[in-house]
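Report on the following structure.
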Protein chains: 2
Amino acid sequence: MTSMTYRIGDFSQVTRLTVKTLHYYHEIGLLVPSAVEPSGYRWYDEASVARAQAIQTLKSLEFPLDEIRELLAHAQDDHDLVEAAQRRLAEVDRRLAQERAVRNLLLTLIHTEGTAMKQETTSAAWVTLDPVRVASLRYRGRYDQIGAYYSRLFRLYGRFVAGAPLALYHDPEFRDADADIEACLVLRPEGTIPEKDGAQIKVLPSQRVAQVVHQGGYDRIGEAYQRVFDFLRAEGATATTPSREVYVKGPGMILPRSTKKFVTLVQIPVN
Amino acid sequence: MTSMTYRIGDFSQVTRLTVKTLHYYHEIGLLVPSAVEPSGYRWYDEASVARAQAIQTLKSLEFPLDEIRELLAHAQDDHDLVEAAQRRLAEVDRRLAQERAVRNLLLTLIHTEGTAMKQETTSAAWVTLDPVRVASLRYRGRYDQIGAYYSRLFRLYGRFVAGAPLALYHDPEFRDADADIEACLVLRPEGTIPEKDGAQIKVLPSQRVAQVVHQGGYDRIGEAYQRVFDFLRAEGATATTPSREVYVKGPGMILPRSTKKFVTLVQIPVN
DNA sequence: CCTCAACCCTCCCCCCACCGGAGAGTCAAA
DNA sequence: TTTGACTCTCCGGTGGGGGGAGGGTTGAGG
């Protein structure tokens, strides 16, 4: 029956709790020394070691200290901790879901913005587009409804994004209402990505297009179309469908941005 | 060019930030009102709304406020946030791993202790055991090495536990060294559970056994064996193998417990 | 018995992101 | 002018300790 006692420094080494922490635990009555000398020196014994052990395990399970105190006061047996553990589990599950949501948002941001395209040309020119894999949602309606479709695509596939979002216009002429529009998110080419919630995954084929860069808000995109069709006529080429608009810089997820800084590519395919 | 301004209460409603929070953000220079009257009344404008929006998004990504301030001061574009987002992602991933570890520990505790057995008999008696599914590790050596095997089993299968751990002794007579011992964890019967890391999953068959309950430390388990063998002789039955020891109450994961409260079942099977 | 290093004590302020309340001032409508 | 709704500043508190100042205690060596 050896009854080992420790002064606070040694006890701190044994339990791997700092002296400051032990002072604090004493103050809040969580771990009271077995004896306190008139000088104020604290002494701890073997039972304190066992209690400290239990406290640390419970702390690693993220119980707050006052709950740990209650638990240790009323529980004789690990069995008595089950109810509390279940409450804690519910809490941890909530936090886990939260962290996962944060993680998804971060991944979406990183993948969306991590792949900036540099685009300096401002006059119309011939460009050969590489094939790209996209997730798309096609609808009939007006252009200004496209935001909702992008939101859906971002929620579903934001984490796989590998380029600026684009839209395909399948009508051979301009329509205000009842247009045939396809919202696309460019995805990274490798890995399998499942189709979900009505969205389609497909590869847009390589194509030769006439392209013009538009800077500024969407309300003046008409000028860009004028320039590119002028160019086509000068080159003697005939437009086909679908035409593309690539939203190189748009509203963004976080920082406010003036529409003056928006950059859009208008791409019209030929033969 | 309408320039809408809000007093703090309205701005609070628009941004869903409390007035207290807005005071605080003003104090730390994170979100400064567009104007402050001599009376001290704060006025916010549309730019403040956009900034508040960005702050909230960044806050939902768990950036600390002073980092948000730096970010907003130096970033023109979402693209400039990517590096910070990657740092944050690493942090979130660490926390996620941590939370998952906590969750596993909680599940193990719940499943281990959630299935307490009530066992009151103390004299030897006949008992028919139901079949049980177990995860087991069989080894040759000494009894006091069994703890390490249970640790491994708990790490692998703690979350599926549905009863007290038990040991099987395959030797027909007592051996000190080089004994043939099998450490078993009782698992819940439903669901498939994979074999991992050398452990075996199997079902112990139903069996008729002579059983005695032992209370106290393992150093006096010999008395229990004496009682049960006396009982067998009195009944005229012959022991076979393997015999079982069920550790109904042992050291536990968290709370310290005196060995006086340990409860072990000794079960000797007959043909 | 003295000295010295190591150890220990209490007391106070600090961290983060606010919340609550007291007591006083301000603004617009009735 | 009164009322009532807003708003202000200031102070103190949260949880789980950390950092450091300023001073007391202990035990071993000389």
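Worth saying up front: this structure is predicted, and the values here are computed from it rather than measured. Each chain gets a letter, A, B and so on, in the order the sequences are listed, and its residues count up from 1.
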- Message: Between B:D78 and A:R257 (salt bridge meaning N to carboxylate O under 4.0 Å), is one present in this structure?
- Response: no

- Query: Residues in ring pair (Phe, Tyr, Trp, His ring centres under 6.0 Å) with B:Y24, at least two apart?
  - Reply: none

Ignoring hydrogens and angles, write down the donor-acceptor pairs under 3.5 Å from the side chains of residues 81-88 of chain A, residues two or more places apart or on other chains.
from  : atom 1 : to    : atom 2 : distance (Å)
A:R87 : NH1    : A:E67 : OE2    : 3.1
A:R88 : NH1    : A:E62 : O      : 2.6

- Find the distance A:L31:CG to D:dG17:P and express it as a whole number of Å. 12 Å

- Query: Does B:T18 place a side-chain N or O at less than 4.0 Å from the phosphate oxygens OP1/OP2 of C:dC19?
  - Reply: yes

- Item | Helix axis bend for the helix from C:dC1-D:dG30 to C:dA30-D:dT1 - C1'-based end axes, five pairs, 10° rounding | 30°

- Message: What is the separation between atom NE2 on A:H26 and atom P on C:dC8, rounded to the nearest whole Å?
- Response: 15 Å

- Using whole Å, report how far OH of A:Y24 lies from C1' of D:dG19. 16 Å

- Just how far, in rounded Å, is C1' of D:dG17 from CD1 of A:I28? 10 Å

Distances under 3.5 Å only, N/O to N/O: pair up the protein atoms with those of nucleotides 22-25 of chain C.
from   : atom 1 : to    : atom 2 : distance (Å)
C:dG25 : N2     : B:Y41 : OH     : 2.7

- Query: Hey, is the side chain of A:R42 poking within less than 4.0 Å of OP1 or OP2 on C:dT10, counting only N and O atoms?
  - Reply: yes

- Task: Could you please name the option among D:dG18, C:dC18, D:dT26 that lies closest to any side-chain atom of B:L65?
- Result: C:dC18

- On DNA chain D, check which nucleotide each of B:V19 and A:F63 is closest to and give me the residue with the more 5' one. B:V19

- Message: With the threshold set at under 4.0 Å for non-hydrogen atoms, list the residues of residues 5-17 of chain A touching DNA chain C in residue-number order.
- Response: A:R7, A:I8, A:G9

- Return no unless some side-chain N or O of A:R69 is found under 4.0 Å from OP1 or OP2 of D:dG15. no

- Query: Just by modelled atom types, is the B:L96 backbone N or O under 3.5 Å from a matching donor or acceptor in the B:E99 side chain?
  - Reply: no

- Task: Measure the distance from CD on B:Q56 to P on C:dA17 and round it to the nearest whole Å.
- Result: 15 Å

- Donor + acceptor pair across side chains of B:Y218, B:E245 (<3.5 Å): yes

- Given D:dC8, is OP1 or OP2 found less than 4.0 Å from the side-chain N or O atoms of B:H23? yes

Let me have the donor-acceptor pairs involving side chains of residues 155-166 of chain A, under 3.5 Å, with sequence neighbours excluded, atom names and distances please.
from   : atom 1 : to     : atom 2 : distance (Å)
A:Y157 : OH     : A:P194 : O      : 2.9
A:Y157 : OH     : A:K196 : N      : 2.9
A:R159 : NH1    : A:N104 : OD1    : 3.4

- How long is the line joining CD of A:E37 and P of D:dG27, in whole Å? 8 Å

- Shortest non-hydrogen contact from A:L31 toward A:S48: CD1-O, 4.0 Å

- Backbone of B:T15 reached by a side-chain donor or acceptor of B:Q56 within 3.5 Å: yes

- Answer yes if the side chains of B:R42 and B:H23 hold a donor-acceptor pair under 3.5 Å, and no otherwise. yes

- Nearest-angstrom distance from the residue atom NZ of A:K59 to C1' of D:dG16: 8 Å

- Any side-chain donor paired with an acceptor under 3.5 Å for A:T18 and A:T21? yes

- Message: Below 30° counts as parallel, above 60° as perpendicular, anything between as tilted: where do the rings of A:Y143 and A:Y247 land?
- Response: tilted

- B:I68 CD1 to C:dA17 C1', in whole Å, measures 11 Å

- Message: Does any part of the side chain of B:R51, heavy atoms only, come nearer than 4.5 Å to the side chain of B:L72, both counted from C-beta?
- Response: yes

